[in-house]
Amino acid sequence: RSRNWSFFVILGVTASIAVVAVYGLTLYRNFNSVHDIWIEYEKNAVKVNSSLANLKSNIGYGGFIHNFKNYVLRRDKKYIPVIEKDKASILASTKFLHSVLSSKKDQKKLAIIEQTFIEYFIKFVLAQQLVASGAEQSIVDERVRVDDGAALAAFEALQQNRIKESASIQSQVAKAMDHANQSLLYGFAIIIFLTASGIGGIILIRAISKAYIKSDLARRELDNFFNTAPDALIRIKMDGTIVKANEEAINLFGYSFSHMVGMKIEELMPQKYRSNHQNVRAAYFQTRERRPMGVGLELLALTRDGKEFNVDVSLSYSLQDGEEYATAAIRDITDKFKIQRELDITNERSKAAAVAKARLLSNMSHELRTPLNHILGFGELLLNDTKHPPRENQREMLQHILNSGQHQLKLVESTLELAELDNTPLKIEPFDVGLEIRKGVKSQEIEATGKGISFDINIGSSVPQEFRG
């Protein structure tokens, strides 16, 4: 019996040691795996965010597109070297992002952004040519206009994917932390129960300690990513209380960190939106979907000193330690709205200029054509009068009047056609060079004869009879 008991005790202790060892090693490997995932993600996260922030700055105020539009509006050559510098920065950022973004969807979105910038590069060359040629502002605006809506949507999608990726990593770390806490409780229980198996307890404690250290390191790294994100990030609980904010959010709203944490999210928006936002917030925690906020609406935020500004907000949901949270990524888009308003004013001015030009053309058509038609009409009546036919010299003079009137009418119509080139396609037609020269000379013959001037027309045989133009 003694031997049997000894055998069972030894077997029990051995089994306990083995269980503790396997448990500790499994826990260690699980957390080591999560840690490796986070380290791999962190290698590229900062560079990706930096490149995206660079592209964002070139889309927004002070960047490539802003400088390009300033050049078109102001025609100031000082913007050219700035635009070329922005262009080089954009190409470097897109090249790097192509090398690190593994998702096909991300690559497609990046291709859309890259294509829009390339189109802007081409339009910039065209704008320089048009400005150098002295083209009208409305023509330059029309020829160099680029629709960057698809690029903005693609950039928004890339930003959303970065937030989703960050949320996914955060969720993994949070789950690992929950698992670590549970494992710690189970581990301590096993250690108390298996005090006789000291070796197994030591192995378990060391494994759990290492896991806890790595988990804590992962949490700190996640906090560092949260704090260094290019957008303002604010995390709230279901009741709207702010529990976390990064440096961008502190700078954007003008509060200190200690002041902002504990505030209600509604305090960061104008008074007129606060009561309704409580219902909107409650509805969001029911749906729990990742989405942009207020699609199609103008969203306003409020700084500490009472200044309102336009924002773009994206929301994401997370669950940590049994508590529900929402994270808002906030961007200041006041400059975007300012640029849009400037473009709207420019477009309105262009439309007003087009209306004024149309009125001028209409007045010219009436004021110039009407008297000429009267002259031609009365001239034809006199020339074709059978009751009192004109004498030969009178017929010749009447014919000169008609020829000169027809010539002047063609000049008026040519002037009107030239003014309408913006809206009318050019026509290429054949014309007789010799005939046109003779008509021009004939229209001036009476006045030249009165001054004792005669014309001798000699068109060389090498000149083609017909031209197209």
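As a basis for the values below, the full set of heavy atoms in this structure was taken, side chains included, without hydrogen atoms, waters or symmetry mates.
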Handout entry: Greater than 12 external heavy atoms within 6.0 Å of R304's CZ
Key = yes
Problem - Distance-only donor-acceptor check, side chains N70 and H66, under 3.5 Å - result: yes
Exercise for the section: Measure from the side-chain N and O atoms of S404 to the backbone N and O of I401, and report whether any donor-acceptor pair falls under 3.5 Å. Expected result: no
Which atom pairs, one a donor and one an acceptor, fall under 3.5 Å between side chains of residues 381-392 and the rest of the protein, sequence neighbours left out?
unit_1: N384; atom_1: ND2; unit_2: E380; atom_2: O; d: 3.1
unit_1: D385; atom_1: OD1; unit_2: K387; atom_2: N; d: 3.1
unit_1: D385; atom_1: OD1; unit_2: H388; atom_2: N; d: 3.3

Exercise for the section: Compute the ring centroids of F64 and F121, then answer whether they are less than 6.0 Å apart. Expected result: yes
Practice task
Answer yes or no: is there a side-chain heavy-atom contact under 4.5 Å between D86 and N67?
Solution key: yes
Handout entry: Rounded distance [0.5 Å steps], CE in M263 versus CD1 in I236
Key = 12.5 Å
Fill in the blank from the handout: dist F285:CZ -> L315:CG (nearest 0.5 Å) comes out at 9.0 Å
Handout entry: Heavy-atom side-chain contact between M269 and L302 under 4.5 Å
Key = no
Exercise for the section: State, without any angle test, whether D332 and N310 hold a side-chain donor-acceptor pair at a distance under 3.5 Å. Expected result: no
Problem - Close side-chain approach of R143 to Q129, heavy-atom, < 4.5 Å - result: no
Handout entry: Within-4.5 Å side-chain heavy-atom neighbours: L91 and K87
Key = yes
Exercise for the section: Verify side chain to side chain contact (heavy atoms under 4.5 Å, CB included) between V140 and R75, making sure each step is shown before the conclusion. Expected result: CA-CA 10 Å; V140 177; R75 304 191 178 198; 3.5 Å; yes
Handout entry: Closest non-hydrogen atom pair, Y284 against S316
Key = OH-C, 3.1 Å
Practice task
Can you measure from CG (L158) to NZ (K109) and round to the nearest 0.5 angstrom?
Solution key: 8.0 Å
Problem - Nearest heavy atoms of M260 and A245, plus distance in Å - result: SD-CB, 3.5 Å
Handout entry: Pair H98-L110, side chain to side chain contact (heavy atoms under 4.5 Å, CB included): steps then yes or no
Key = CA-CA 8 Å; H98 272 303; L110 181 59; 3.6 Å; yes
Practice task
Evaluate whether atom CZ of R349 has more than 12 neighbouring non-hydrogen atoms of other residues, nucleotides or ligands under 6.0 angstrom away.
Solution key: no
Exercise for the section: Output yes when a side-chain donor or acceptor of Q137 lies under 3.5 Å from a complementary backbone atom of V72, and no otherwise. Expected result: yes
Handout entry: Spacing of K123 atom NZ and L130 atom CG [to the nearest 0.5 Å]
Key = 9.5 Å
Problem - 4.5 Å side-chain heavy-atom contact, Y325 and L319 - result: no
Exercise for the section: Decide yes or no for E136 and I139: does some side-chain heavy atom of the first lie under 4.5 Å from some side-chain heavy atom of the second? Expected result: yes
Exercise for the section: Verify, without hydrogens or angle tests, whether S93 (side chain) and S89 (backbone) share a donor-acceptor contact under 3.5 angstrom. Expected result: yes
Completion exercise
Closest non-hydrogen atoms of A301 and V311, given as atom of the first, atom of the second and distance, are CB-CG1, 3.7 Å
Problem - Minimum-distance pair of heavy atoms, taken over all atoms of D141 and S350 - result: OD2-OG, 4.2 Å
Practice task
Rounded to the nearest 0.5 Å, what's the gap from CG on L343 to NZ on K338? Could you check?
Solution key: 12.5 Å
Handout entry: Ring center gap for F124 and Y71 short of 6.0 angstrom
Key = yes
Practice task
For the residue pair Q271 and R274, confirm or rule out a side-chain donor-acceptor distance under 3.5 Å.
Solution key: yes
Exercise for the section: For E119 and Q115, test the side chains for any donor-to-acceptor distance below 3.5 angstrom and give the result as yes or no. Expected result: no
Problem - D231 (side chain) donor-acceptor with R331 (main chain) under 3.5 angstrom - result: no
Exercise for the section: Indicate yes or no: at least one non-hydrogen side-chain atom of I265 is less than 4.5 angstrom from one of I234. Expected result: yes
Exercise for the section: Step by step, work out the side-chain hydrogen bond (donor to acceptor under 3.5 Å, both in side chains) result for S314 and E156. Expected result: CA-CA 9 Å; S314 298; E156 175 65 24; 3.0 Å; yes
Problem - Worked check of side chain to side chain contact (heavy atoms under 4.5 Å, CB included) between S256 and I250 - result: CA-CA 6 Å; S256 64; I250 299 302; 5.7 Å; no
Practice task
Go through the steps to decide whether I65 and T116 satisfy the test side chain to side chain contact (heavy atoms under 4.5 Å, CB included), and finish with yes or no.
Solution key: CA-CA 10 Å; I65 295 177; T116 300; 5.6 Å; no
Exercise for the section: Search all heavy atoms of I113 against all heavy atoms of A151 and return the closest pair with its distance. Expected result: CG1-O, 3.7 Å
Practice task
Please check if any side-chain donor atom of E324 sits under 3.5 Å from a side-chain acceptor atom of Y317, or the reverse.
Solution key: yes
Completion exercise
What one should report as the nearest heavy-atom pair of Q107 and L97 is NE2-O, 4.1 Å
Practice task
Considering only NZ, NE, NH1 and NH2 on the basic side and carboxylate oxygens on the acidic side, decide whether D239 and K264 come within less than 4.0 Å.
Solution key: yes
Problem - Partner set under ring-ring contact (aromatic ring centres under 6.0 Å, His included) for H259, not counting sequence neighbours - result: Y255
Practice task
May I ask you to decide whether E342 forms a salt bridge with K69, counting only side-chain N to carboxylate O separations under 4.0 Å?
Solution key: no
Exercise for the section: Starting at OG1 of T334, measure out to CZ of F309 and round the result to the nearest 0.5 Å. Expected result: 6.5 Å
Problem - Min side-chain heavy-atom separation L233-K244 under 4.5 Å - result: no
